[in-house]
Amino acid sequence: MKFGVLTGGGDCPGLNAAIRAIVLRSAQHGHSTLGFLDGWKGVRDNLARPLLPADVARIVGRGGTILGSSRTNPFSQEEGTRAVLETLSANGIDVLIAIGGDDTLRAANALHARGGRVIGVPKTMDNDVAGTDWTFGFDSASSVAVDALERLRDTAESHHRAIVLEVMGRNAGWVALATGLAGGADVTLVPEEPYREESMLGHVRAACDARGYALVVVSEGIDLGSKAGSTGGKDEFGHELLRERGVGAELARRIERSTGIETRSAQIGHIQRGGAPTLFDRILATRLGSAAVDLALAGRFGEVAVLRGAHVTGIPLAEAVGTSRLVSPEWIDLLHTFEA
Ligand code: F6P
């Protein structure tokens, strides 16, 4: 068999571990792998490089993706779809493994609907792919954010300030939730819970009264009740560029204005997406990449490898795309236990 592999959407730690797993698992069974460059763009424009076991031998702990990535959606136009099918046939690809988040997997599902043989591997620091318990990239990104929060604690305590940390996550609050819980924030704001300014200010005041400083974690996707900050800028899949909204900076302004407490904000942005994957992400990416090859060898095209509890299995791509997995009320309830 000849495997094709691509990494699409925002990069995250663990992608190289998944690529390595696909190449080595397929080689173990006597098959070869061709890597497409820059996500779906590489499949559409026929940009590829062979991936030999030696090429992936040392990449398990490397951040980013050796294949490059993009947010290209070739299926938005008929010529794009045709070009994808032509590239796959010209290169003799028997099955394509698409590693990505919701957008990339949706494109994979579109290919499946056109009769293409494709298997998905879910990844994203946002942790919002439906059908899987966790996505790789999330643990690494959240660990970076927790480290940032702990650094902010030192300076907030020294200067008796409030500090707001804005983290990524698109419309899901998983990264903010994990950062707030694991880093001990006084208040954590996620998009899944309606924003209540008085309550947020109450937590900040309580923390400052008790210890002289406060830490707030906010997810970039939160709705602060005004369209201010929205740029209208969108990516190829139609998602608003949330970073530009600057909700962390806006919150800091509101806190200082209402409480008189000196407040700063920090937006760590793409720092969360770089660097070496954590142990959890290396293992998860390795298991899912290997499982994708196994699904292909079993002829289970149109499926995506997922983590359910302690087990890795395959489910139809259609079940993983279209809806986002959001933070549930149970998690939000837990979060409130630890607020100031
Ligand atoms: O989907 C991953 C993610 O990092 C989101 O958390 C964030 O909103 C977005 O990508 C940023 O996209 P870009 O890298 O295109 O700026």
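Note that the structure is a prediction, hence the values are computed from the model and not measured. Whatever order the structure lists ligands and atoms in, that order sets their numbers, starting from 1.
- Under a cut-off of 6.0 angstrom, the local environment of CZ in Arg151 is sparse, with at most 12 non-hydrogen atoms contributed by other residues, nucleotides or ligands.
- Electrostatic pairing of Arg253 and Glu250 counts as a salt bridge here, judged by a charged N lying under 4.0 Å from a carboxylate O.
- A chain of hydrophobic side-chain contacts below 4.5 Å, direct or via other Ile, Leu, Val, Met, Phe, Trp or Tyr residues, connects Phe136 to Leu67.
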For ligand 1, run through the N/O pairs with the protein that fall under 3.5 Å and put one pair on each line.
unit_1, atom_1, unit_2, atom_2, d
ligand 1, 1 (O), Asp126, OD2, 2.7
ligand 1, 4 (O), Arg273, NH1, 2.8
ligand 1, 6 (O), Asp126, OD1, 2.7
ligand 1, 6 (O), Gly169, N, 3.1
ligand 1, 6 (O), Glu220, OE2, 3.3
ligand 1, 8 (O), Glu220, OE2, 2.6
ligand 1, 10 (O), Arg71, NH2, 2.9
ligand 1, 10 (O), Arg273, NH1, 3.1
ligand 1, 12 (O), Arg71, NH2, 2.9
ligand 1, 14 (O), His270, NE2, 2.9
ligand 1, 14 (O), Arg273, NH1, 3.0
ligand 1, 14 (O), Arg273, NH2, 2.9
ligand 1, 15 (O), Arg71, NE, 3.1
ligand 1, 15 (O), Arg71, NH2, 3.4
ligand 1, 16 (O), His270, NE2, 3.2

Arg106/Asp103 under salt bridge (charged side-chain N to carboxylate O under 4.0 Å, His left out): CA gap, chis, key distance, verdict: CA-CA 5 Å; Arg106 230 175 323 134; Asp103 295 330; 2.8 Å; yes
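- There is no side-chain donor-acceptor pair under 3.5 Å between Thr278 and Ser143.
- Taking the charged nitrogens against the carboxylate oxygens, Glu78 and Arg114 do have a contact shorter than 4.0 Å, which makes a salt bridge.
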